[in-house]
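All chains are named by letter (A, B, ...) in the order of the sequence lines, taking the proteins before the strands, and each is independently numbered beginning at 1.
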Amino acid sequence: MDPSGYEHLSPAEAIAYQDELRQKIQIRELKTPFKTIAGADISFNLDSELLYAGIVVFKYPDMQVIATSTAMSHTSFPYISGLLAFREIPALFNAWNNLYVKPDLLVLDGQGIAHERRLGIATHFGLLTNVPTIGSAKSRLYGRYEEPADEIFAESPMYDKGELIGIALRSKLHCKPIYISPGHNINMQQSVDVIKNCIRGYRIPEPTRQAHILVNKIRVKNGEDNTKQLGLFD
DNA sequence: GCGACAG
DNA sequence: ATCTTGTCGC
């Protein structure tokens, strides 16, 4: 199904679609050595249905920016815990299609398989585009875990009924952990290793951190343009 | 019924 | 998610 049709789905239909997609998830070792990695994020104004999506591609593991892409997209699908993908993926997909150089690996702001139906936004996007993805979330959605030690890169497994679905990672001392889980076409260990290599002094790994900065920049810039177009302050 | 709840 | 001043801790 094309993401442009997501906004017309009901929550029940979205859940049914997740149950369908679930059968195709591949959590496995990423064998092809990757030379590029990208981060994707969304930004929006609270009172608007316009979403700003952005992707930043880096050389890996040098982490030098080699490409960026942005897109603006409309959605009427509300934020519902567990159904984030249906709200954000249409915009992200546009940004993805605008990208000249596709990365070997993509990090998304949200969960991978650390989700009640194993279909966090990273897993969903990986299945859609067939690109290996990793979920890096700032807070927990699903799974039980013990607080990781306050030591750099301390890890704590996240479980659901005995199944390992993610890792709580202390990416920065004295800060809350981040929640890593494979999205699609990569395994748990590789996901955590890659994210560790992308931590550069901040709690948030560079791919997602830079994507966040980018989308906020274009959102604010676009807001200024709208102000002029609407003829305010005349 | 109560608490939890990615962005 | 976004807005937004101050404040606590390393």
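If you measure from atom CZ of Arg144(A) to atom P of dG3(B), you get 17 Å, rounded to the nearest angstrom. When the C1' atom of dC10(C) is taken as reference, atom CD of Glu151(A) falls 16 Å away, rounded to whole Å. Taking atom CG on Leu108(A) and atom P on dG7(B), their separation rounds to 12 Å, with Å as the unit. Nucleotide dC3(C) holds its C1' atom 13 Å from the CZ atom of Phe44(A), rounded to whole Å. Per the geometry, CG belonging to Leu84(A) stands 21 Å off P belonging to dA4(B), to the nearest Å. Remark: C1' of dA6(B) and CG of Leu92(A) are 13 Å apart, rounded to the nearest angstrom. In this structure, NE2 of His115(A) is placed 14 Å from P of dC5(B), rounded to the nearest angstrom. The distance from atom OH of Tyr142(A) to atom P of dG7(B) is 18 Å, rounded to the nearest whole Å.
A cation-pi arrangement is present between Arg209(A) and Tyr202(A), with the terminal nitrogen or guanidinium carbon under 6.0 Å from the aromatic centre and inside a 45° cone about the axis.
Across all strands shown, Gly82(A) has heavy atoms under 4.0 Å from base atoms, whether or not it also approaches the sugar-phosphate. Within 4.0 Å (heavy atoms only), Leu173(A) reaches no atom of the nucleic acid at all.
Both His174(A) and Val215(A) lie close to DNA chain C; mapped to their nearest nucleotides by heavy-atom distance, the more 5′-ward contact belongs to Val215(A).
Closest to the side chain of Asn216(A), out of dA1(C), dT2(C), dA6(B), is dT2(C). Taking only side-chain atoms of His212(A), from C-beta outward, the nucleotide of dC10(C), dA6(B), dA1(C) with the closest atom is dA1(C). Out of dC3(C), dC5(B), dA6(B), the shortest distance to the side chain of Arg219(A) is found at dC3(C). Of the listed nucleotides (dA4(B), dA6(B), dA1(C)), dA4(B) has the atom at the smallest distance from the side chain of Arg140(A).
At dG7(B), one or more side-chain N or O atoms of Lys138(A) fall inside 4.0 Å of OP1 or OP2 (strictly under the cut-off). The phosphate of dA1(C) has neither OP1 nor OP2 within less than 4.0 Å of any side-chain N or O from Asn45(A). OP1 and OP2 of dC10(C) both lie 4.0 Å or more from every side-chain N or O belonging to Lys172(A). Phosphate proximity of dG7(B) to Ser139(A): present, with a side-chain N or O under 4.0 Å from OP1 or OP2. One finds a side-chain N or O of Tyr79(A) lying less than 4.0 angstrom from the OP1 or OP2 phosphate oxygen of dA6(B). When the side-chain nitrogen and oxygen atoms of Ser43(A) are compared with OP1 and OP2 of dT2(C), one or more of them lie within a distance under 4.0 Å.
You'll find the ring centres of Phe44(A) and His74(A) outside the 6.0 Å limit. In this structure, the ring of Tyr6(A) has its center less than 6.0 angstrom from the ring center of Phe86(A).
When only modelled atom types and interatomic distance are considered, Thr75(A) and Glu7(A) share no side-chain donor-acceptor pair under 3.5 Å.
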| request: Please report the C-alpha distance between Asn197(A) and Tyr60(A) in whole Å, then the side-chain angles of each, then the deciding distance to 0.1 Å, and finally whether the side chain to side chain donor-acceptor pair (under 3.5 Å) criterion is met. | output: CA-CA 9 Å; Asn197(A) 285 332; Tyr60(A) 184 89; 2.8 Å; yes

| request: For Glu49(A) and Arg87(A), run salt bridge (Lys or Arg N to Asp or Glu O under 4.0 Å): C-alpha distance rounded to whole Å, both residues' side-chain angles, the deciding distance at 0.1 Å, then the answer. | output: CA-CA 10 Å; Glu49(A) 294 187 335; Arg87(A) 175 173 166 76; over 6 Å; no

